[in-house]
Each structure stands twice: as C-alpha cells, then as structure tokens.
Amino acid sequence: MYLTRKLKLGRTDQLDALARRAGNLWSTVAKWHWRFVDRQGYWLSKGQAQKMYCKGFDGLHSQSAQAVADSFYDSLQSWRKKQKSGTYEGLRPPYKQKRHFKVQWKSSAIKLRDDGVLRLSNGRGNDPVLIDWPSDMKPKRVEIGWDGDQYELRCQYKVEEDEEPKGTKTAGIDIGEIHLAAVYTGDESWTVNGRELRSLRRQQNHAQARLDSEIDRKEYGSRRWKRLVRAKDQQLEKIRNQIKDLLHKQSTRLIKTLHERRVGTVVVGNLTGIREGLDYGAKANQRLHQWAYSEFVQMLEYKARLHGMTVERVGEAYTSQECPSCGNRHKPHGRDYICGCGFEGHRDIVGASNIRQKYLGQDKPKGSPLRVAGEMASPTGVRYRPHMRTEPTGSDPQRCNPASSRKTSSERQECRPVG
C-alpha cells in the first residue's frame with residue numbers, strides 16, 4: 001500500500017521556474033495534439049508525443065517531462081470515457097494552455113541522502129531541488145504543486161500491511177449524512193455522529209454566501225475587492241481543513257473500535273453514482289453534492305488495511321428498506337424502521353445489517369438468506385468531542401445511548417449492551 005505525505009515549501013524562484021517549464025511543456029503537448037486532430041484528423045499517441053516533445057526538454061528531468069505528457073493523456077482518456085457514457089453533457093477535453101503546472105519525479109530521479117535531505121534531480125546541468133525530509137523512508141514518487149497559497153510537496157511511499165486482525169468478525173457499514181457511519185457486527189451496533197460535519201458545512205456555505213455578497217458590491221480589482229477575496233480564501237481554507245481533520249479523526253476512531261471488536265472484514269456500501277438523476281430541491285441537492293462519502297470511505301479503506309482488515313464493497317440498493325427479519329420492503333418514516341412482522345430497529349443500522357448480510361450471503365443458495373430475528377437493539381452513539389481524551393479509560397465518555405440523550409453532558413453514562 002502507498003501512502004501520501006505532504007509538506008509545505010513556501011515559494012522560491014527555483015520552484016517557480018520548474019512550474020513554468022512544466023506549464024510550457026503541457027501547453028506544447030496540448031497545442032500540437034489538437035493541431036494534428038484539426039489539420040490531419042490524426043490522434044497522437046502518448047508515446048509519440050513523449051518522443052516528439054518531451055525528449056531532450058531542457059529544464060526538467062526526462063521522467064518529469066514524460067510525467068507531464070502522462071497527465072495530459074490521462075485527462076484526455078478520462079474525458080473520452082465520460083463522453084462515451086453520455087452522462088456528462090458539455091464537458092470539454094483538456095485543451096487550454098497552462099502557464100504553470102505541477103512537477104513530478106519518479107523513483108530514478110529521487111535520492112535520499114544520508115543527512116536526511118531529499119534530492120530531486122532536474123536533469124544534467126540544472127540544480128536539483130533539495131528538501132529536508134522528516135523520514136528515513138525514500139519516496140517512490142514525488143510531486144510539487146501549488147495549493148493556492150504556496151508550493152506543496154506530495155510524496156508517495158510504500159508501507160507494509162504487516163498487522164494481523166484480532167478476529168474474524170464481519171462488520172457492515174452504512175454511510176450516511178446525519179449519522180456519518182452506522183455499523184453492525186452481528187452482536188452489537190453503533191453509529192458515528194455526523195452533525196458536527198453538517199455544522200461545518202453550513203458554516204462554510206454561510207461564509208461563502210456572505211463574502212460573495214460583499215465582494216459583488218465592490219469594484220472589480222480594487223483594493224477592497226482584493227482584500228475581501230483574500231479573506232474569503234483564508235476563511236474557506238480554514239473550514240476545509242477543519243472538515244478534513246474531523247473526517248480523519250472520525251475514521252481513525254471507527255477503525256480502532258472495529259479492530260478492538262475483533263473485526264476482520266469490513267463491508268461498505270457502494271454509493272457510486274448516487275448523485276446522478278436526483279433532484280430534492282436546492283438545499284437538499286446542496287447537502288447531497290457536499291456529502292463527503294467518497295473521501296470518508298477512502299480513509300476507512302486504507303486505515304482498515306493498515307490494521308490487517310479486509311475491505312469489501314457491495315451495492316446499497318434497498319438496504320435501508322428491506323426488513324432483516326422477513327425480507328419485505330417498505331420505506332421507513334423517521335429514524336426508526338418498523339415492519340409488519342414485528343421487527344423494529346434503527347433505520348441506518350438496518351441498512352448496515354443488510355449490507356453485511358448481502359456480503360455474507362452472496363455465495364449461499366438463494367433459499368438460505370441470513371436473517372436477524374426479533375427486535376434490533378438501539379445502537380450506541382459515538383460522538384467526537386475535541387476536548388476529550390483520545391484514549392479514554394473506564395467508561396467511555398465519548399459514547400452514549402440514544403435512550404439517555406436527554407441527560408446533561410456532564411453526567412457520565414455506562415454503555416448499554418447492544419446486539
């Protein structure tokens with residue numbers, strides 16, 4: 001598995017020059033590719049473009065120059081794939097010229113010196129980029145790009161998945177908005193509260209709307225206009241960092257909890273394409289399109305693999321509507337799922353249970369589905385509190401039961417067994 005480490009570099013003349021050289025090469029490849037298409041009806045292949053325009057390109061390492069062409073043709077291939085699907089109307093191919101572009105180095109151009117300095121070669125006759133590297137692991141791939149305020153180093157390095165799972169349990173996870181994740185392991189269940197994430201999203205939307213309104217009342221390019229634009233970028237960047245930090249902490253805590261519960265396989269619902277063809281109104285559509293389920297699932301996947309757990313994905317169709325006891329389907333109202341057969345349970349936990357059952361029963365005969373008998377107990381809630389300890393002892397103050405949610409936060413509560 002490969003992980004990415006980021007490091008802020010500020011801004012220097014050397015990095016500006018490298019970004020301009022990469023942008024010049026991108027523009028050259030894009031310009032001549034489309035000239036061949038317009039004048040001769042011929043599409044240059046990636047190998048032909050690299051041989052014609054990247055070989056001997058001054059100012060960049062040979063593999064860095066090839067990586068620029070790789071980026072262009074990867075974008076072109078992605079555009080052609082989306083165009084064939086017919087669901088991305090108005091999407092244009094990569095054709096614009098760029099003044100600056102990211103610079104990439106592959107393994108042969110990267111050297112980690114004995115004094116802890118990362119040396120990035122820029123070809124014969126050019127000064128290398130020297131960076132103090134806070135690790136003893138040599139990266140396999142390095143990229144330097146602009147993050148909107150300064151240059152950022154992004155290094156990919158390989159880590160071994162050498163940790164063994166504690167058990168063989170299977171956990172189903174239903175990803176949601178109000179509850180960021182609902183988990184069912186067969187004998188217990190809990191939810192991860194997502195309201196703090198929603199609060200940050202609302203704060204982000206209100207700040208952007210307020211600042212956009214003030215910016216529109218100023219003269220374009222004036223001193224006050226520039227000051228408000230800088231303030232908007234700074235405030236939104238801060239909230240984006242808070243959202244990412246919260247997702248990391250929630251996913252880390254969830255995976256550690258699964259590992260402690262002796263879970264060996266994590267089954268996550270596949271939400272690919274959930275936004276397509278849906279229209280619930282302006283506010284609901286905004287929440288749906290800002291739903292960070294993909295980023296959260298990716299965090300869960302790589303952190304679970306680092307703990308030795310296997311991650312699987314299954315379809316989520318009708319998992320929140322199908323009764324785990326009798327198999328009948330109906331849309332629940334509110335957060336509770338009540339079936340005519342007498343089964344009752346939390347709607348999101350029902351979805352997590354069905355996701356787990358779908359994975360466990362996919363290789364079994366059709367007549368022998370796995371079912372949950374009786375009433376499903378209320379899940380234990382898991383909230384993230386910034387001021388609380390990350391490794392609590394005794395009864396966990398970060399856990400609560402929905403049945404006792406009316407009590408004040410100062411009252412410590414024991415977790416009720418669930419299952």
Side-chain angles (χ1 to χ4, degrees), residues 1-30 33 46-47 49-50 53-79 94 96-113 116-124 126-159 233 237 240-241 244-245 247-248 294-295 298-299 301-303 306:
M1 178 191 297
Y2 287 89
L3 296 181
T4 301
R5 170 170 287 185
K6 297 182 180 180
L7 189 66
K8 301 299 182 181
L9 302 178
R11 184 172 184 176
T12 64
D13 293 338
Q14 184 186 27
L15 296 179
D16 280 338
L18 288 172
R20 284 194 297 269
R21 294 299 295 160
N24 186 18
L25 180 56
W26 167 282
S27 301
T28 301
V29 173
H33 174 85
K46 180 170 65 176
Q50 289 177 342
Y53 308 114
C54 300
K55 189 174 182 180
F57 189 81
D58 187 35
L60 293 176
H61 190 273
S62 60
Q63 292 188 349
S64 299
Q66 292 175 7
V68 174
D70 290 341
S71 298
F72 172 80
Y73 281 94
D74 288 343
S75 299
L76 186 65
Q77 184 179 7
S78 176
W79 168 74
K96 290 186 177 181
Q97 299 189 12
K98 298 180 182 292
R99 185 176 181 182
H100 299 86
F101 194 67
K102 61 185 179 183
V103 186
Q104 303 174 25
W105 289 266
K106 299 180 182 179
S107 182
S108 61
I110 303 170
K111 181 179 179 181
L112 183 60
R113 300 192 322 200
V117 173
L118 194 64
R119 184 183 185 276
L120 307 176
S121 176
N122 292 318
R124 183 175 298 177
N126 299 311
D127 295 333
V129 178
L130 303 177
I131 300 170
D132 291 331
W133 181 239
S135 175
D136 56 354
M137 298 181 62
K138 176 187 173 182
K140 297 292 183 181
R141 186 184 181 92
V142 175
E143 174 183 301
I144 295 180
W146 186 257
D147 70 347
D149 185 49
Q150 59 181 317
Y151 286 102
E152 182 181 60
L153 179 74
R154 306 150 192 160
C155 296
Q156 294 180 351
Y157 58 96
K158 190 174 183 179
V159 295
D233 293 340
E237 179 66 19
R240 284 193 294 266
N241 290 337
K244 190 170 184 178
D245 178 72
L247 290 175
H248 270 295
S294 179
E295 185 178 5
Q298 289 177 0
M299 292 179 182
E301 286 184 337
Y302 85 80
K303 292 177 183 180
L306 287 176

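Worth saying up front: this structure is predicted, and the values here are computed from it rather than measured. Keep in mind that the numbers below use all heavy atoms, side chains included, and drop hydrogens, waters and symmetry copies.
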- request: Would you confirm whether K303, through its side chain, and H248, through its main-chain N or O, come within 3.5 Å as a donor-acceptor pair?
  value: yes
field: Point-to-point distance, once rounded to the nearest 0.5 Å, from CG of N24 to CD of Q97
entry: 9.0 Å
- prompt: Taking all atoms of both residues into account, what is the closest heavy-atom pair of S71 and K102, and its distance?
  reply: OG-CE, 3.9 Å
message: Using a 6.0 Å cut-off, check whether atom CZ of R113 has over 12 heavy atoms from anything other than its own residue.
response: yes
query: Crowded around Q77 CD? As in, over 12 foreign heavy atoms under 6.0 Å?
result: no
- line: Closest non-hydrogen contact found for D233 with R240 is O-NH2, 4.4 Å
query: Do H61 and K106 come close enough that some side-chain heavy atom pair is under 4.5 Å?
result: no
field: Atom of A69, atom of Q50 and distance for their closest heavy-atom approach
entry: CB-CG, 3.7 Å
field: Pairs touching residues 7-18 that satisfy side-chain hydrogen bond (donor to acceptor under 3.5 Å, both in side chains), sequence neighbours left out
entry: K8-D147, K8-E152, R11-D16, D16-Y151
Identify each donor-acceptor pair in which a side-chain atom of residues 134-144 lies under 3.5 Å from a protein atom, sequence neighbours left out, and give them as a table.
unit_1: S135; atom_1: OG; unit_2: M137; atom_2: N; d: 3.2
unit_1: K138; atom_1: NZ; unit_2: I110; atom_2: O; d: 3.2
unit_1: R141; atom_1: NH2; unit_2: Q104; atom_2: OE1; d: 2.3
unit_1: E143; atom_1: OE2; unit_2: R154; atom_2: NH1; d: 2.6

- prompt: Is any side-chain heavy atom of L118 closer than 4.5 Å to a side-chain heavy atom of C155?
  reply: yes
- request: Can you see which heavy atom on G59 is nearest to which on L18, and at what distance?
  value: O-CD2, 3.6 Å
query: W26: what forms a ring pair (Phe, Tyr, Trp, His ring centres under 6.0 Å) with it, not counting sequence neighbours?
result: F72, F101
task: Would you check if the side chain of N122 reaches a backbone N or O of D127 as a donor-acceptor pair within less than 3.5 Å?
output: yes
- line: What one should report as the nearest heavy-atom pair of A49 and V29 is CB-CG1, 4.4 Å
task: Kindly give the heavy-atom pair with the smallest separation between C54 and A65, and that separation in Å.
output: SG-O, 3.4 Å
Under 3.5 Å: donor-acceptor pair, side chain of S78, backbone of D74: no
message: Is the shortest side-chain heavy-atom distance between F57 and V68 below 4.5 Å?
response: no
task: Could you check if a side-chain atom of D58 sits within less than 4.5 angstrom of a side-chain atom of N126, using non-hydrogen atoms only?
output: yes
- prompt: Would you find a donor on one side and an acceptor on the other, under 3.5 Å apart, between the side chain of N241 and the backbone of E237?
  reply: yes
- request: Take Y53 and H33, measure what side chain to side chain contact (heavy atoms under 4.5 Å, CB included) needs, and give me the verdict at the end.
  value: CA-CA 11 Å; Y53 308 114; H33 174 85; over 6 Å; no
- line: dist K98:NZ -> L25:CG (nearest 0.5 Å) comes out at 13.0 Å
message: Nearest 0.5 angstrom please: L112 CG to I131 CD1, how far?
response: 11.5 Å
task: Drop me the distance from K244's NZ to L247's CG, to the nearest 0.5 angstrom.
output: 9.5 Å
